[in-house]
Each structure stands twice: as C-alpha cells, then as structure tokens.
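Notes for the one structure printed next.
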Amino acid sequence: MRIATVAAASAALVAAGATAAVAAPAPAPALTIKASATSIRLGDVVTFSGKATGLKAGSKVTLQVKDGRKWVSLPATTKVNKGAYKVGDKFEKKGVEVLRVKDGGTVSKNVSVTVR
C-alpha cells in the first residue's frame with residue numbers, strides 16, 4: 001500500500017513538472033509603426049502610433065530618423081501603455097524623411113514622410 005501511494009505521488013509530480021515545462025515561450029518583442037500622414041507641409045506635426053508586442057508597460061519608445069546611413073534618435077519619446085504607443089514630431093525640413101521607432105534592440109519597420 002505504501003509503495004502504491006509513493007508511486008502515485010511521484011507520477012503526479014512528474015506530470016505537473018512536464019506540464020510546466022511545455023509552457024509556450026514569450027513572444028519576441030516587436031514594434032509596428034504607422035504615420036498619421038505621409039505627405040505634409042513644412043511645420044506640420046505627424047503622429048506615429050503602433051503596437052508594442054512583448055514589451056513591458058512603461059517601456060520607452062524613441063522616434064528615430066535616418067540621416068545618411070545612420071539612425072539618429074529624436075527628442076520625441078513616449079512610453080508603452082497597454083501594448084501600444086503614440087508619439088508626435090514636427091517637421092522643419094523639406095524632403096523625404098525615413099523614420100522608425102526603437103526600444104532597446106527592438107526596432108520597427110521604416111515609414112516615410114514627404115515634407116513639402
């Protein structure tokens with residue numbers, strides 16, 4: 001009787017451990033980006049918004065602009081709230097600006113804004 005009880009308890013512990021080990025891994029962090037306008041006039045403000053998957057609430061998202069071959073962080077930052085973010089910036093230079101958002105090593109795809 002005693003051996004049967006120990007065997008049943010051991011089987012239950014092994015089954016519980018196996019269930020915990022099969023838990024799905026957390027999704028890789030990801031950022032999306034969408035511009036409120038892709039063609040604007042000089043001095044207009046564009047709002048960039050998107051989803052932040054796998055990032056903690058309160059994570060800092062920074063808007064970046066491409067300058068030649070490098071990315072430059074703009075002063076426009078915001079925090080992730082309920083898996084989303086929204087940040088705006090005013091454009092003071094004519095031409096096509098290529099932008100993205102970044103949080104640590106996680107970056108979004110690029111979005112272009114034409115400033116007339």
Side-chain angles (χ1 to χ4, degrees):
M1 180 70 126
R2 182 183 237 177
I3 294 174
T5 305
V6 171
S10 295
L13 289 173
V14 169
T19 302
V22 179
L31 287 166
T32 64
I33 187 169
K34 183 177 180 182
S36 61
T38 56
S39 182
I40 61 168
R41 291 189 179 138
L42 193 64
D44 285 353
V45 174
V46 176
T47 301
F48 300 91
S49 59
K51 299 204 184 269
T53 307
L55 297 176
K56 293 181 181 178
S59 294
K60 183 177 166 184
V61 175
T62 303
L63 186 63
Q64 293 186 316
V65 64
K66 194 163 190 177
D67 183 14
R69 300 184 99 184
K70 64 181 180 173
W71 288 97
V72 177
S73 292
L74 299 173
T77 63
T78 190
K79 292 187 179 187
V80 173
N81 184 17
K82 297 181 183 176
Y85 71 89
K86 188 182 282 188
V87 63
D89 197 37
K90 187 174 184 179
F91 290 84
E92 302 288 346
K93 184 175 94 176
K94 288 186 178 184
V96 177
E97 298 286 354
V98 179
L99 301 111
R100 71 180 187 182
V101 289
K102 179 179 182 176
D103 172 66
T106 305
V107 294
S108 69
K109 291 184 177 183
N110 304 341
V111 65
S112 297
V113 175
T114 303
V115 184
R116 301 175 263 115

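Sequence positions, counted from 1, serve as the residue numbers for this chain. Side chains included, hydrogens not; waters and symmetry mates left out as well; all remaining heavy atoms used.
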Separation between NZ of K60 and OG1 of T78, rounded to the nearest 0.5 Å: 10.5 Å

Side-chain donor/acceptor of T32 to backbone N/O of G50, under 3.5 Å: no

Pairwise distance NZ(K34) to NZ(K51) - rounded to 0.5 angstrom: 11.0 Å

Closest contact, heavy atoms only, S39 versus R116: OG-NE, 3.0 Å

Of V87, D89, T62, the residue whose pairing with L74 passes side chain to side chain contact (heavy atoms under 4.5 Å, CB included): D89

Backbone N/O of V101 and side chain of S108: donor-acceptor pair under 3.5 Å: yes

Interatomic distance, K94 atom NZ to R41 atom CZ [nearest 0.5 angstrom]: 11.0 Å

Intermediate values then yes/no, side-chain contact (heavy atoms from CB on, under 4.5 Å), V113 and F48: CA-CA 11 Å; V113 175; F48 300 91; 4.1 Å; yes

W71/N110 under side-chain contact (heavy atoms from CB on, under 4.5 Å): CA gap, chis, key distance, verdict: CA-CA 11 Å; W71 288 97; N110 304 341; 3.4 Å; yes

Which atom of G88 lies closest to which atom of A76, heavy atoms considered: O-CB, 3.5 Å

Shared hydrophobic cluster for V115 and L63 (ILVMFWY, side-chain gaps under 4.5 Å): yes

Sub-4.5 Å side-chain heavy-atom contact between L31 and L55: yes

Rounded distance (nearest 0.5 Å) linking atom CD1 of I33 with atom NZ of K102: 14.0 Å

V72 reachable from V111 in the ILVMFWY side-chain graph, under 4.5 Å edges: yes

Non-hydrogen atoms of L42 and K93 that approach each other most closely: CD1-N, 3.5 Å

Heavy-atom side-chain contact between L99 and F91 under 4.5 Å: yes

Min side-chain heavy-atom separation V46-I40 under 4.5 Å: yes

